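Predicted model only: the values in this text are computed from it and were never measured.
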Amino acid sequence: MDKYAVIGNPIQQSMSPDIHSAFAQQTDQDIEYGKLFAEVDGFKEVVDQFFAGGGKGLNVTAPFKLDAFDYADELTERARTAGAVNTLALQGDGSLLGDNTDGAGLVSDITRHLGWAIAGKKVLILGAGGATRGALLPLLKQGPARLHIANRTARKAEQLAEGFSEYGTIGASGLDAVPEEFDLIINASAASLSGELPPLSPRALAEGCRAYDMVYGAQPTPFMHWATGLGAEVSDGLGMLVGQAAESFALWRGVRPEVAPVLAMLRERLLQKAS
């Protein structure tokens, strides 16, 4: 039985074992999937032990995505541009491939599960941190008509846009200077984690706008409430969580699981916990 795990600090809250166990059952894969805790300065030691003990692959969550980036022997293009790794996969020659499936999970949830278009649309992404960095290349590869990054500190958004300029045309500004009328707005900022609303003008929403928050929970986020009140169709990021896991699973096992039934299972669990 091949061994996989998720590593993080904290890690007890992770739903990854439930997700990958469901994927394995669905695709008839014989795997074992667990959780690994590491001290903040103990990533390498724990990962060394895991792979020395026969491990085949790891999911990596906070705060170790930069450690995993440095640990990998080689990187996919999307990991290299993201500057972070959330998936480690043991290769046939014994080397470790580092990938970043977060952006692919986001795009898959938006286009496949929700059925929202990115190609040819005007897309606004809020925030200029690691979540945005991981999403930019997969978003740009969808061929949006325009992509704009807005951040509280405009210069940080501008630097990020400059870094990805070879992959497409990207605008950048502060949150107080966002151009008008976007078809899709993605909240990748930390605002929802603290129950806050990004200071965004309603003029940023085009008619028929869709709004996506990378944060998820049993209840809609403040950003989702705000966008709904302005007539937008909204979604949280639970599908992104399952989508990025599906990308990891496909990388490891060579088979792509169905996301929808696992997403429905997790949604039901969240609602049960909240009730």
### Message
Could you check whether atom CG of D70 has more than 12 heavy atoms from other residues, nucleotides or ligands sitting under 6.0 Å from it?
### Response
yes
### Message
Just checking K3: does its NZ atom have more than 12 heavy atoms from other residues, nucleotides or ligands closer to it than 6.0 angstrom?
### Response
yes
### Carboxylate-amine/guanidinium contact D67 K44, below 4.0 Å
no
### Query
Are the side chain of S108 and the backbone N or O of A104 linked by a donor-acceptor pair below 3.5 Å?
no
### Query
Under a 4.5 Å cut-off applied to non-hydrogen side-chain atoms, are L137 and N100 in contact?
no
### Message
What verdict does the side chain to side chain contact (heavy atoms under 4.5 Å, CB included) test give for F249 and Q29, after you've listed the backbone C-alpha separation in whole Å, the side-chain angles of each residue and the deciding distance to 0.1 Å?
### Response
CA-CA 10 Å; F249 192 90; Q29 298 288 304; 3.8 Å; yes
### Message
Would a single hydrophobic cluster contain both L230 and L124, if residues Ile, Leu, Val, Met, Phe, Trp and Tyr are joined by side-chain heavy-atom contacts under 4.5 Å?
### Response
yes
#### Entry: Heavy-atom donor-acceptor pair, W252 side chain to L88 backbone, under 3.5 Å
yes
### Message
Check this for me: R267, atom CZ, are more than 12 non-hydrogen atoms of other residues, nucleotides or ligands nearer than 6.0 Å?
### Response
yes
### Query
Taking everything shown except E207 itself, do over 12 heavy atoms lie less than 6.0 Å from its CD?
no
### Query
Can you name the nearest heavy-atom pair linking M240 to D102, along with the distance?
CE-O, 3.4 Å
### Query
Who are the side-chain contact (heavy atoms from CB on, under 4.5 Å) partners of D93, not counting sequence neighbours?
Q91, S95
### Query
Is there a donor-acceptor pair under 3.5 Å between the side chain of N151 and the backbone N or O of A128?
yes
### Message
If we ignore hydrogens and angles and just use 3.5 Å, is the side chain of D73 paired with the main-chain N or O of L96 as donor and acceptor?
### Response
yes
#### Entry: Salt-bridge criterion met for E162 and R155 (N-O under 4.0 Å)
yes
### Sidechain-backbone polar pair: D99 side chain, T101 backbone, donor-acceptor under 3.5 Å
no
### Query
Between the side chain of S21 and the main-chain N/O of D18, is any donor-acceptor distance below 3.5 Å?
no
#### Entry: Side chains of V6 and I11 in contact at under 4.5 Å (non-hydrogen atoms)
yes
### Task
Flag the pair R210 and E233 as a salt bridge only when some basic side-chain nitrogen lies within less than 4.0 angstrom of an acidic carboxylate oxygen.
yes
### Query
Distance-only, no hydrogens or angles: does the T132 side chain make a donor-acceptor pair with backbone N or O of G127 under 3.5 Å?
yes
### Message
Around atom NZ of K122, are there more than 12 heavy atoms from other residues, nucleotides or ligands closer than 6.0 Å?
### Response
yes
### Summary
Those residues at least two apart in sequence (or on a different chain) that pass side-chain contact (heavy atoms from CB on, under 4.5 Å) with E180 are R203
### Task
State, yes or no, whether a side-chain contact exists between V123 and F182 at a heavy-atom distance under 4.5 Å.
no
### Query
So V234 and D213, side chain to side chain contact (heavy atoms under 4.5 Å, CB included) or not? Walk me through it.
CA-CA 8 Å; V234 302; D213 200 326; over 6 Å; no
### Query
Does a donor on one side chain and an acceptor on the other come within less than 3.5 Å for S16 and N59?
no
### Query
Using 30° and 60° as the class limits, which term best fits the ring planes of H20 and F23: parallel, tilted or perpendicular?
perpendicular
### Query
Listed by chain and number, what are the side-chain contact (heavy atoms from CB on, under 4.5 Å) partners of A5, not counting sequence neighbours?
L36, F50, L58
### Message
Does E45, at its CD atom, have more than 12 non-hydrogen atoms belonging to other residues, nucleotides or ligands within less than 6.0 Å?
### Response
no
